[in-house]
Number of protein chains: 2
Amino acid sequence: MPTPPRTSLTAIVRAARHLLETDGLEHLTMLRVAQAVGVRGPSLYKHVRDRGDLVRLIGNDAIQELSSRVSAAATHENPRQDLQAIARTLRGFARDYPETYSLLWARMPDAWRFDQDLNVLATEPLLRAVACLAGEADRLAAARMFFAWAHGFITMELAGAFRLGGDVDAAFEFGLGRLVAAFSPPVRSQKSSQR
Amino acid sequence: MPTPPRTSLTAIVRAARHLLETDGLEHLTMLRVAQAVGVRGPSLYKHVRDRGDLVRLIGNDAIQELSSRVSAAATHENPRQDLQAIARTLRGFARDYPETYSLLWARMPDAWRFDQDLNVLATEPLLRAVACLAGEADRLAAARMFFAWAHGFITMELAGAFRLGGDVDAAFEFGLGRLVAAFSPPVRSQKSSQR
DNA sequence: ACCTGAACACCGTTCAAGT
DNA sequence: ACCTGAACACCGTTCAAGT
């Protein structure tokens with residue numbers, strides 16, 4: 001005899017992401033998610049394959065939100081301004097949702113990772129901006145350089161790894177400025193050295 | 001009545017680090033560590049405060065090994081060569097011990113993190129090399145920029161995040177070259193260059 | 001001093017049984 | 001069709017009891 005669902009996938013994912021953010025991944029428990037949406041633990045398995053699947057759905061949710069923030073921020077005429085906006089948007093998202101951000105590019109089983117097509121979508125504004133500066137040939141390498149720096153900085157900041165003192169905000173702007181500047185084509189004069 | 005210890009802290013840490021590397025952090029279990037060193041689970045608590053403490057000891061062990069690798073690699077006359085050697089050493093360590101490397105700068109409770117004085121020690125070669133290129137004033141910001149890039153690149157590589165194709169090794173060298181070049185003082189527009 | 005079994009509160013997951 | 005309690009194998013950790 002059919003019975004109406006007492007919860008929904010979207011409610012489960014929302015509750016799980018909230019729990020992740022407040023208590024961390026190790027406290028993101030099937031039982032606690034179930035409790036948050038008002039069912040018993042085993043019922044979740046009617047909506048989700050297992051805990052890894054739930055992590056994947058949280059990632060999908062988060063990368064879409066991050067992606068739309070990035071798209072909204074990267075609308076300048078000048079690709080350098082777009083790059084700066086993208087980096088600051090990433091950092092802002094990480095500050096709003098540190099646990100969720102950490103999850104996005106954490107080391108995990110493949111089945112737990114957010115979907116690749118969402119990754120492609122999220123990466124597009126960065127690739128576009130970088131192509132203008134570094135040229136088509138170096139597009140991918142330059143995008144990886146830029147994202148590696150931004151992601152590394154944000155990750156270390158979230159991990160509390162910047163403990164040697166100094167102004168962390170200033171260090172972020174320092175890196176951002178130097179990095180954007182470094183994207184000019186390298187060989188721009190036959191006679192002088194490079195920058 | 002005193003009885004001789006049937007295991008030791010160093011044996012426990014070594015077994016735990018090995019278990020971490022082979023099976024991942026979530027499978028690093030007190031019971032499995034105990035089994036690996038030949039005692040029962042509860043006995044570990046005579047040597048270690050709790051699981052977080054064990055994670056901290058693994059981190060201490062790993063950062064010391066990484067630190068000595070970095071020191072051994074950063075012995076060139078030219079600070080640019082030292083920077084390149086440092087980055088490649090980090091990446092090599094991460095390839096040898098991906099789980100351990102991921103752990104080192106992961107988001108964790110403070111009590112789980114490796115000791116700060118070991119961090120200072122490990123950072124010294126980088127700070128020294130960077131100071132020669134970026135100048136004393138920008139030393140810390142430049143070191144953070146460099147390490148953020150290297151760490152971000154390595155982290156993404158370990159996480160399997162580079163899935164847009166392209167040559168990842170080439171992207172690493174691209175970033176490394178551009179980054180080292182970017183450490184010249186920025187205002188060279190007076191017609192001169194630096195150094 | 002160190003090790004042990006038993007115990008407690010918690011996990012993820014399965015499954016037969018309910019509606 | 002969805003939800004549930006009971007069950008299983010596993011956790012981390014404590015503690016009284018052994019030697």
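Order of the sequence lines fixes the chain letters, A, B, ..., with proteins taken first and strands second; residue numbering starts at 1 for each chain.
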Just the rounded figure in Å: distance from [atom2] of [N] to [atom1] of [X].
{"X": "Lys46(A)", "N": "dC15(C)", "atom1": "NZ", "atom2": "P", "value": "11 Å"}
{"X": "His27(B)", "N": "dG12(C)", "atom1": "NE2", "atom2": "P", "value": "13 Å"}
{"X": "Leu19(B)", "N": "dC11(D)", "atom1": "CG", "atom2": "P", "value": "10 Å"}
{"X": "Tyr45(A)", "N": "dC2(D)", "atom1": "OH", "atom2": "P", "value": "17 Å"}
{"X": "His47(A)", "N": "dC2(D)", "atom1": "NE2", "atom2": "P", "value": "6 Å"}
{"X": "Leu25(A)", "N": "dG12(C)", "atom1": "CG", "atom2": "P", "value": "11 Å"}
{"X": "Gln35(B)", "N": "dG12(D)", "atom1": "CD", "atom2": "P", "value": "12 Å"}
{"X": "Glu26(A)", "N": "dT13(D)", "atom1": "CD", "atom2": "P", "value": "12 Å"}

Report the nucleotide, chosen from [options], that has the shortest atom-to-atom distance to any side-chain atom of [X].
{"X": "Leu31(B)", "options": "dG12(D), dC3(C), dT4(C)", "value": "dG12(D)"}
{"X": "Pro42(B)", "options": "dG12(C), dT4(C), dC3(C)", "value": "dT4(C)"}
{"X": "Thr29(A)", "options": "dC11(C), dT13(C), dC3(C)", "value": "dC11(C)"}
{"X": "Pro5(B)", "options": "dG12(C), dC11(D), dC2(C)", "value": "dC2(C)"}
{"X": "Arg40(A)", "options": "dC2(D), dG5(D), dC3(C)", "value": "dG5(D)"}

When we call it a touch if two heavy atoms are under 4.0 Å apart, what does Arg49(A) touch: a base, just sugar-phosphate, or nothing?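 If one applies the 4.0 Å heavy-atom cut-off, Arg49(A) turns out to touch nothing in the nucleic acid.
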
Under 4.0 Å, heavy atoms only, any strand: does Thr7(B) hit a base, just the sugar-phosphate, or nothing?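 Sugar-phosphate only.
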
Does any nucleotide pair with dC2(D) by Watson-Crick or G-U wobble geometry, both distances under 3.5 Å, and what is it?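 dC2(D) is paired, partner dG18(C).
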
Could you let me know what dG12(D) is paired to, Watson-Crick or G-U wobble, both distances under 3.5 Å, or none if it's on its own?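 Because both required distances fall under 3.5 Å, dG12(D) counts as paired with dC8(C).
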
Counting just side-chain N and O atoms, does [X] come under 4.0 Å of either OP1 or OP2 of [N]?
{"X": "Arg6(B)", "N": "dC3(C)", "answer": "no"}
{"X": "Thr3(A)", "N": "dT19(C)", "answer": "no"}
{"X": "Arg51(B)", "N": "dT13(D)", "answer": "no"}

More than 12 heavy atoms of other residues, nucleotides or ligands under 6.0 Å from CZ of Arg128(A): is that the case?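 Correct, the count exceeds 12.
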
Arg69(A) to Phe93(A), cation-pi by 6.0 Å centre distance and 45° axis angle: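 No, a cation-pi geometry is absent between Arg69(A) and Phe93(A).
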
Is there a path of hydrophobic side-chain contacts, each under 4.5 Å between heavy atoms of I, L, V, M, F, W or Y residues, that connects Val168(B) with Leu158(B)?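 Yes; Leu158(B) is reachable from Val168(B) via cluster members.
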
For residues Leu164(A) and Leu127(B), determine if any side-chain heavy atom of one lies less than 4.5 Å from a side-chain heavy atom of the other.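 Of all side-chain heavy-atom pairs linking Leu127(B) with Leu164(A), at least one is under 4.5 Å.
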
Considering only NZ, NE, NH1 and NH2 on the basic side and carboxylate oxygens on the acidic side, decide whether Asp138(B) and Arg178(A) come within less than 4.0 Å.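 Yes, Asp138(B) and Arg178(A) are salt-bridged.
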
